Number of protein chains: 2
Amino acid sequence: MVTLAEVAQHAGVSASTVSYVLSGKRSISATTRERVEQSIRQLGYHPNAGARALASSRSNIIALMIPLRTDMYVPVMMEIAIAVATTARTHGYDVLLLTGEEGPDAVRRVSGSGLADAMILMDVQLDDERLPLLRGAGQPSVLIGLPADTTGLTCVDLDWSATGALCVEHLATFGHRDIAVIGEAPAVYERHTGFAERTLEGLRSRAKELGLRVLHRPCENGYDAMAVTLARILDERPGTTGFVVQNESAVEPLLALLRQQGRAVPEDVSVVAICPDQVAVQASVRLTSVAIPAQEMGRRAVEYLVAKLDGRGDDDIVLLAPELTVRASSGPAPAAS
Amino acid sequence: MVTLAEVAQHAGVSASTVSYVLSGKRSISATTRERVEQSIRQLGYHPNAGARALASSRSNIIALMIPLRTDMYVPVMMEIAIAVATTARTHGYDVLLLTGEEGPDAVRRVSGSGLADAMILMDVQLDDERLPLLRGAGQPSVLIGLPADTTGLTCVDLDWSATGALCVEHLATFGHRDIAVIGEAPAVYERHTGFAERTLEGLRSRAKELGLRVLHRPCENGYDAMAVTLARILDERPGTTGFVVQNESAVEPLLALLRQQGRAVPEDVSVVAICPDQVAVQASVRLTSVAIPAQEMGRRAVEYLVAKLDGRGDDDIVLLAPELTVRASSGPAPAAS
DNA sequence: AAACCGTGTCGAAGCGCTTCGACAACCTAT
DNA sequence: ATAGGTTGTCGAAGCGCTTCGACACGGTTT
């Protein structure tokens, strides 16, 4: 393993000079810099991460805590994770992957050991037990998600409440009066995941203003669960003509079932999905949808974190405005029969 | 930040004693150990990762390189990543997330800087450019996937060749003679991803032995691409009654299209999927499938790596035997018309 | 009673880097 | 010519830990 000292010797300068060439924290003459850089290349030198972390108390690592559960939005989580990793690299950081499993202990462990300089938390619950550890001056952190109390926190999230409202507005514009919301699995609501509850709340309050009726049903993944859920909905509200789907893996089953029952999309019923664009365009009917900007969220989270670590940037709540794209799954409500 | 020295002082022992309590590398009397452990708890001590890495030249970090592309098997990748992270923790390791983007440079960087003690590589191509760096005594590593030349490497993978063979055998048993294989996106084949090519090769050679005809078509994700692909297949081989699908996101579109064309599954055509069990049971027809044991692969990879790091364990190729589960999507071929 | 051994503890060195203060060399302003 | 300021480089301290050799102590063995 090549060390700083060896590079210094090879270049005929002192170790500190090499260090300054690397960090740029003091001015170095062009000729010296040149010489040092050449030695670095020739010897294939890579600074030792541990030594660097010890001396500078900076690990250049960002911890990313992803949910262990895979009962929702797997591709979204994946996309966020990849965006985080990619963006972090452009700022000179690496990413440590933590699962939600360890919970608050992971936060303690990582911040206590200086393993990471900062953390990004996903799958934040409204009243998340990890939050007290992050508030105030502890570990610099950014949440992807929005807890109930955001004091002292930085959050990046889609504006789910506005997303819900947007979906229902779109359906209202087309004259739909009876709306069914097909949600995530019950477990997602039970653990008070912010995005699910907020979407519903935004949707309901806008629906009320617009005088629409809303029926919400959580739905497990899979075709069979969707079949049962749909049957119940149509039983309870036979006049339902608008569907809002917030559950990626329910989309295709829903479309198949509607087709099977002779309900044409979008002639008889309209469907608005809340999902990544990729899913919307690959479905059997190109879906009118509100996009989940996973990459954007991951990227922003890292950028806020890097700003904090550089001493710029403040606590802040960033809610991305939802965008609805009209595709082939929504249209005017059929004339009342 | 609490340091070792502070713990030592608090417990009235020397720093080295505390270190030995922590590592268990020398015997410590029960009373001393007790006292030290209590001080650790009281002070909330966490060893500093950088210092530890520097002194011991061990970071206790495993790097996991995941593909940047998301054109295939996203849930599988995710599941593997989570299994790796979880298993690593049970052995006292953390996981560093690298994207394939940096390619061989990432390998050099990580091993050169001592950031990680070992690496796990996913999405290995048959002739992967990262391999030369891993061969021999360099960085301890495990591949999830099987390159063309495995000398000096440790690999964990599903036996894809046997998987292909198994699919075709199952269809043969039911009397199907004309088999269509719906594969991953063309890009996956173009970059010579081992699993795709091996599956095909295993399937073809077994088909030949059994006297079956095979038509293979790569397929982009999404409904429209599947529609085009299916039309071409049925045009070229109208007598096709057996389908093998190795592309998660093509499964549901295929079923929908078959239904739409009045071809009943499994009465008229049989479908065998290669996908995680979860996908198979959630599809609109419960799918006969060969499972992709994602968790198992992630877990095994970590365990092999840990064994290597502990000085146990050798280079080895582990091919997991495929298991086919018969569900509702396959049955006897219809009598020839 | 001497020589010996195992057990438990300590002190000190050192891992490879960053960073601070010192200072030589040169340049500009007096 | 001299004081004052820059600029570029160096030496040394120290980050918090691991680990090696040393050694004190009590228990065996001769």
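All values reported here derive from a predicted model rather than from experimental measurement. Each chain gets a letter, A, B and so on, in the order the sequences are listed, and its residues count up from 1.
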### Query
Hey, does Leu22(A) have a side-chain heavy atom less than 4.5 Å from the side chain of Tyr45(A)?
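With C-beta onward as the side chain, the pair touches.
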
Does [N] have its OP1 or OP2 closer than 4.0 Å to a side-chain nitrogen or oxygen of [X]?
{"X": "Ser23(A)", "N": "dT18(C)", "answer": "no"}
{"X": "Ser14(A)", "N": "dG11(D)", "answer": "no"}
{"X": "Ser56(A)", "N": "dC15(D)", "answer": "no"}
{"X": "Ser19(A)", "N": "dC17(C)", "answer": "no"}
{"X": "Lys25(B)", "N": "dT19(D)", "answer": "yes"}
{"X": "Ser29(A)", "N": "dG8(D)", "answer": "no"}

Nearest whole Å is fine: how far is [N] [atom2] from [X] [atom1]?
{"X": "Arg52(B)", "N": "dC15(C)", "atom1": "CZ", "atom2": "C1'", "answer": "15 Å"}
{"X": "Leu4(B)", "N": "dG11(C)", "atom1": "CG", "atom2": "P", "answer": "14 Å"}
{"X": "Gln9(B)", "N": "dT9(C)", "atom1": "CD", "atom2": "P", "answer": "18 Å"}
{"X": "Asn48(B)", "N": "dT18(D)", "atom1": "CG", "atom2": "P", "answer": "10 Å"}

### Query
Which of these nucleotides, dG16(D), dG16(C), dC10(C), is closest to any side-chain atom of Ala51(B)?
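Closest nucleotide to the Ala51(B) side chain: dG16(D).
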
### Task
Assign Ser57(A) to base, sugar-phosphate, or nothing according to its heavy-atom contacts below 4.0 angstrom with the strands shown.
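Nothing: the residue Ser57(A), judged by heavy atoms under 4.0 Å, touches no strand.
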
### Test item: Arg135(B) side-chain N/O and Gly152(B) main-chain N/O as donor-acceptor pair under 3.5 Å
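No, because the side chain of Arg135(B) does not come within donor-acceptor range (under 3.5 Å) of the backbone of Gly152(B).
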
Does [X] contact [N] through a side-chain donor or acceptor facing the base, at a distance under 3.5 Å?
{"X": "Arg26(A)", "N": "dT9(D)", "value": "yes"}
{"X": "Tyr20(A)", "N": "dC20(C)", "value": "yes"}
{"X": "Ser16(B)", "N": "dG11(C)", "value": "yes"}

#### Entry: Glu303(A) atom CD, over 12 foreign heavy atoms within 6.0 Å
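Count over threshold, so yes.
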
